[in-house]
Amino acid sequence: MYQPIDPEFFRQPVLELAPSLLGQYIVHETPEGLAAARIVETEAYHGPEDRAAHSYNNRRTKRTEIMFGNPGLVYTYQMHTHTLMNVVAGPEGTPHAVLIRGAEPVDGLALMQQRRGEHLRIPDLTNGPGKLSKALGVTMKYYGNRWYEEPLFIAPGPGLGGELMTGPRVGIGNTGEAVHYPWRFYEAGNPFVSKYR
DNA sequence: GGCAAGATTACC
DNA sequence: GTAATCTTGCCT
């Protein structure tokens with residue numbers, strides 16, 4: 001049904017990988033069933049030179065360690081009570097990553113509703129990074145996994161359904177110059193794109 | 001709009 | 001020890 005994408009896909013600069021991920025599927029297979037969504041919003045984090053990145057100035061900790069590894073690795077981390085998903089970009093050894101912020105459900109909608117809450121409006125199931133992780137059933141146990149291997153993987157999708165938009169990233173208000181970098185990528189007009197607060 | 005939840009990490 | 005963070009949901 002869904003096939004993991006070629007590992008070579010991830011071997012590209014983070015500012016190219018971030019928009020390339022738009023329109024691809026993110027798929028999670030569990031005993032409860034399969035959930036899949038088409039990615040409509042991402043953000044690039046440019047490791048060493050990006051004050052908003054966890055890996056700014058090559059900061060290497062137990063948490064950021066994974067970003068120094070191969071492109072295509074799964075970088076998950078906890079933000080307060082939520083799990084956020086990142087894709088490690090190339091080249092190997094540079095701590096660059098793409099945050100997946102929003103996606104449109106295409107399979108397993110009932111399962112996502114079960115995980116998120118039955119009476120939410122549909123866009124609220126997955127229009128934010130923490131919401132998306134919960135809807136797909138992604139937890140910290142996937143830290144260090146590969147985005148091109150089951151049961152959690154990226155699959156080739158139909159591409160963008162609207163105009164590609166760029167803009168400043170969300171939630172990084174205190175990072176000086178980096179605040180203005182237009183490294184957020186999303187599909188114009190899509191209701192599954194997250195909102196500023 | 002305010003604020004708490006509560007993992008990880010930096011800095012005092 | 002204290003504060004900040006790539007967020008969300010509930011309260012007023």
Side-chain angles (χ1 to χ4, degrees), chain A residues 10 13-15 17-22 26 37 39-69 71 73-89 94-105 112-145 147 152 154 165-187 191-197:
Chain A
F10 300 102
V14 69
L15 289 177
L17 181 63
S20 296
L21 280 165
L22 296 177
I26 177 170
I39 299 169
V40 297
E41 181 185 4
T42 60
E43 283 178 1
Y45 285 85
H46 202 276
E49 303 83 27
D50 182 1
R51 270 189 60 184
H54 292 154
S55 52
Y56 174 59
N57 204 17
N58 284 311
R59 190 164 70 199
R60 192 168 188 149
T61 65
K62 191 175 180 185
R63 181 173 67 164
T64 63
E65 177 74 30
I66 200 70
M67 282 192 277
F68 292 85
L73 289 173
V74 177
Y75 172 40
T76 50
Y77 66 92
Q78 293 286 137
M79 181 51 167
H80 294 270
T81 54
H82 305 282
T83 303
L84 277 64
M85 297 178 286
N86 289 253
V87 181
V88 176
T94 60
H96 299 165
V98 178
L99 172 65
I100 301 175
R101 291 192 56 89
E104 176 177 73
M112 295 190 209
Q113 288 178 310
Q114 184 182 316
R115 288 189 232 207
R116 287 276 298 136
E118 301 287 350
H119 51 279
L120 287 175
R121 286 176 27 249
I122 299 297
D124 286 327
L125 292 174
T126 54
N127 65 351
K131 300 175 187 178
L132 179 61
S133 298
K134 189 170 181 189
L136 292 173
V138 175
T139 64
M140 285 301 293
K141 76 176 182 181
Y142 289 103
Y143 180 92
N145 272 42
W147 279 115
L152 175 67
I154 303 291
M165 305 290 286
T166 62
R169 292 169 294 177
V170 177
I172 55 164
N174 210 13
T175 55
E177 274 295 299
V179 169
H180 307 294
Y181 299 164
W183 289 349
R184 179 185 187 219
F185 304 89
Y186 59 99
E187 180 177 296
F192 297 91
V193 173
S194 67
K195 298 167 181 62
Y196 290 105
R197 300 278 295 194

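Here is the naming used below: chain letters follow the sequence lines, and residue numbers restart at 1 for every chain.
A donor-acceptor pair under 3.5 Å is formed between the side chain of A:R115 and the backbone N or O of A:L136.
A:R169 places a side-chain heavy atom less than 4.5 Å from the side chain of A:D50. Residues A:I122 and A:F192 have side chains in contact (heavy-atom distance under 4.5 Å, counting atoms from C-beta outward). Looking at A:Q78 and A:M140, their side chains come closer than 4.5 Å, going by heavy atoms from C-beta outward. The side-chain heavy atoms of A:N58 and A:F68, taken from C-beta on, include a pair separated by under 4.5 Å.
Residues from residues 50-66 of chain A with heavy atoms under 4.0 angstrom of DNA chain C, sorted by number: A:A52, A:A53, A:H54. Of the residues in residues 171-181 of chain A, those placing a heavy atom less than 4.0 Å from an atom of DNA chain C are A:G171, A:I172, A:N174, in numerical order. Of all the residues in residues 127-142 of chain A, A:G128, A:P129, A:G130, A:K131 reach under 4.0 Å from DNA chain C with at least one non-hydrogen atom.
Going from the C1' atom of B:dG1 to that of C:dC6 covers 22 Å, rounded to whole Å. For the C1' atom pair drawn from C:dA3 and B:dA4, the interatomic distance equals 15 Å after rounding to whole Å.
Surrounding CD of A:E118 are more than 12 heavy atoms belonging to other residues, nucleotides or ligands, all under 6.0 Å away. Surrounding NZ of A:K195 are more than 12 heavy atoms belonging to other residues, nucleotides or ligands, all under 6.0 Å away.
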**Item:** A:E43/A:R101 under salt bridge (charged side-chain N to carboxylate O under 4.0 Å, His left out): CA gap, chis, key distance, verdict
**Value:** CA-CA 7 Å; A:E43 283 178 1; A:R101 291 192 56 89; 3.7 Å; yes

- request: Step by step, work out the side chain to side chain contact (heavy atoms under 4.5 Å, CB included) result for A:E65 and A:Y143.
  value: CA-CA 11 Å; A:E65 177 74 30; A:Y143 180 92; 4.1 Å; yes

Taking it one step at a time, do A:V170 and A:R184 satisfy side chain to side chain contact (heavy atoms under 4.5 Å, CB included)?
CA-CA 8 Å; A:V170 177; A:R184 179 185 187 219; 3.6 Å; yes

query: Going through the checks in order, is the side chain to side chain contact (heavy atoms under 4.5 Å, CB included) test met by A:W147 and A:I26?
result: CA-CA 9 Å; A:W147 279 115; A:I26 177 170; 3.8 Å; yes

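Of all non-hydrogen atoms in A:A53 and A:G47, the two that sit nearest each other are CB-O, 3.9 Å.
With sequence neighbours excluded, the residues that form a side chain to side chain donor-acceptor pair (under 3.5 Å) with A:H46 are A:E49.
From the 5' end on, the contacts that DNA chain C makes with chain A at under 4.0 Å to a non-hydrogen atom open and close at C:dT5 to C:dG9.
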Note, DNA chain C 5' to 3' with Watson-Crick or G-U pairs under 3.5 Å encoded as ( ), [ ], | and . gives |||||.|||||.

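Between A:H82 atom NE2 and B:dA4 atom P there is a gap of 15 Å when expressed in whole angstrom units.
With respect to A:P95, the side-chain contact (heavy atoms from CB on, under 4.5 Å) criterion is satisfied by exactly one of A:M67, A:R59, A:H54, A:R60: A:M67. Of the residues A:Y181, A:F185, A:Y186, the one that meets the ring-ring contact (aromatic ring centres under 6.0 Å, His included) test with A:W183 is A:Y181.
Nucleotides of DNA chain C nearest to A:K195 and A:H80 differ in position, and the one nearer the 5' end is that of A:H80.
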